[in-house]
Amino acid sequence: MIAAPESTPLDRAFFDRPVLKVAPDLLGRTLVRSTEEGPIALRLTEVEAYAGPADPGSHAYRGRTDRNAVMFGPPGHAYVYFTYGMWFCLNLVCGPEGDPSGVLLRGGDITVGADLARKRRPASRRLHDLAQGPARLATALGVDRAQNGADVCPADPATSPFTILTGTPPAPEAIRSGPRTGVGGGGAAHPWRFWIDGDPTVSPYRAHAPRRRR
DNA sequence: GTTAGGATGATCT
DNA sequence: GATCATCCTAACA
């Protein structure tokens with residue numbers, strides 16, 4: 001039988017490239033999240049690049065720590081971090097090894113397993129906001145600290161919580177870029193956020209606002 | 001439709 | 001002790 005395009009996993013060479021090439025190339029790809037409860041497939045519609053040790057918006061800006069160690073490792077692995085006391089966010093580490101760069105997955109369209117995602121995100125009112133925003137995406141997919149460092153290009157996909165399939169990339173003219181969301185300290189200076197034009201699962205842009213003290 | 005403010009804790013200075 | 005690669009709800013237009 002002929003394999004559908006969606007069935008081909010992206011290999012490590014895909015991620016072992018500069019992050020600014022990988023990030024837009026991830027749009028339209030399918031992330032498969034496997035759990036005991038069942039699989040969820042997500043078509044990526046919005047991502048952000050965090051580009052190496054000189055990027056002031058990056059967790060790696062001030063060097064390697066226990067928290068960001070995965071970003072310094074080999075490409076094709078998941079970097080999961082906990083933020084705002086409540087949420088997890090999912091990144092994919094890009095190459096080359098030793099260069100701490102990665103792609104934050106900010107939004108996607110759930111194509112398989114929407115019922116399971118709804119169970120994890122009862123606050124979600126519509127299909128398109130199940131994974132609209134990085135913490136929503138991680139919540140819908142059931143991602144937490146346990147997946148930090150997981151291989152997303154495993155030799156045997158059955159052994160990994162993640163696989164990424166070729167999917168159906170959008171036409172190049174449908175790919176938009178702009179400033180990153182929610183990063184301060186000059187980190188929004190570069191147009192390193194990429195999304196699929198007009199897709200309802202793309203999160204609304206919010207400029208970084210310093211939090212007020214109570 | 002928009003906006004303001006609170007939740008909540010790991011991480012780093 | 002301040003800062004977060006955020007989300008949700010309530011209030012208001």
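The chains referred to below are lettered A, B, ... by the order of the sequence lines, with proteins before strands, and numbering in each begins at 1.
Less than 4.0 Å separates DNA chain B from at least one heavy atom of each of the following residues of residues 59-83 of chain A: A:Arg62, A:Thr65, A:Arg67, A:Phe82. Residues from residues 93-104 of chain A with heavy atoms under 4.0 angstrom of DNA chain C, sorted by number: A:Leu104.
In this structure, the OH atom of A:Tyr84 is 16 Å from the P atom of B:dG5, given to the nearest Å. If you measure from atom CZ of A:Phe88 to atom P of C:dC7, you get 14 Å, rounded to the nearest angstrom. A:Arg106 has its CZ atom 7 Å from the P atom of C:dC7, to the nearest Å. The distance between atom CE of A:Met86 and atom P of B:dT11, rounded to the nearest whole Å, is 16 Å. Residue A:Asn91 contributes atom CG, which lies 8 Å from atom C1' of C:dA5 at whole-angstrom precision. For the pair A:Glu46 CD and C:dT6 P, the interatomic distance rounds to 10 Å; values are reported in whole Å. Between the CZ atom of A:Arg120 and the P atom of C:dC7 there is a distance of 17 Å, rounded to whole Å. Atom CZ of A:Arg180 and atom P of C:dC4 are 13 Å apart (whole Å).
Scanning DNA chain B for stems, defined as runs of 3 or more consecutive Watson-Crick or G-U wobble pairs whose donor-acceptor distances all fall under 3.5 Å, gives the following ranges: B:1-7 with C:6-12, B:9-12 with C:1-4.
Applying the side-chain hydrogen bond (donor to acceptor under 3.5 Å, both in side chains) test to residues at least two apart or on different chains, the pairs with a partner in residues 134-158 of chain A are A:Arg12-A:Asp151, A:Gln132-A:Arg136. Within the structure, salt bridge (Lys or Arg N to Asp or Glu O under 4.0 Å) pairs that include any residue of residues 191-201 of chain A comprise A:Glu46-A:Arg193, A:Arg176-A:Asp197 (at least two apart or interchain).
A:Trp192 pairs by the ring-ring contact (aromatic ring centres under 6.0 Å, His included) definition with A:His190, not counting sequence neighbours. Taking A:Phe72 as the reference, nothing meets the ring-ring contact (aromatic ring centres under 6.0 Å, His included) condition, with sequence neighbours excluded. Applying the side chain to side chain contact (heavy atoms under 4.5 Å, CB included) test to A:Ala140 and every residue at least two apart in sequence or in another chain returns A:Ile110, A:Ala117, A:Arg121. In this structure A:Arg17 satisfies the side-chain hydrogen bond (donor to acceptor under 3.5 Å, both in side chains) test together with A:Asp25, sequence neighbours excluded. In this structure A:Ser58 satisfies the side-chain hydrogen bond (donor to acceptor under 3.5 Å, both in side chains) test with no other residue, sequence neighbours excluded.
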What nitrogen or oxygen pairs link the protein and nucleotides 8-12 of chain C at under 3.5 Å?
residue	atom	partner	partner atom	Å
C:dC8	OP1	A:Arg121	NH1	2.7
C:dC8	OP2	A:Arg136	NE	2.9
C:dC8	OP2	A:Arg136	NH2	2.8

Give every donor-acceptor pair under 3.5 Å between a side-chain atom in residues 89-102 of chain A and any protein atom, sequence neighbours left out.
residue	atom	partner	partner atom	Å
A:Asn91	ND2	A:Tyr79	O	3.2
A:Asp99	OD2	A:Ser101	OG	3.4

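For A:His59 and A:Tyr81, the ring centers are positioned less than 6.0 Å apart.
Salt bridge annotation for A:Arg118-A:Asp115: present, with a cationic side-chain nitrogen under 4.0 angstrom from a carboxylate oxygen.
In this structure a side-chain-to-backbone donor-acceptor pair under 3.5 Å is present from A:Asn68 to A:Thr65. Between the side chain of A:Arg33 and the main chain of A:Gly142, a donor-acceptor pair closer than 3.5 Å is present.
A donor-acceptor contact closer than 3.5 angstrom is absent between the side chains of A:Thr45 and A:Asp109.
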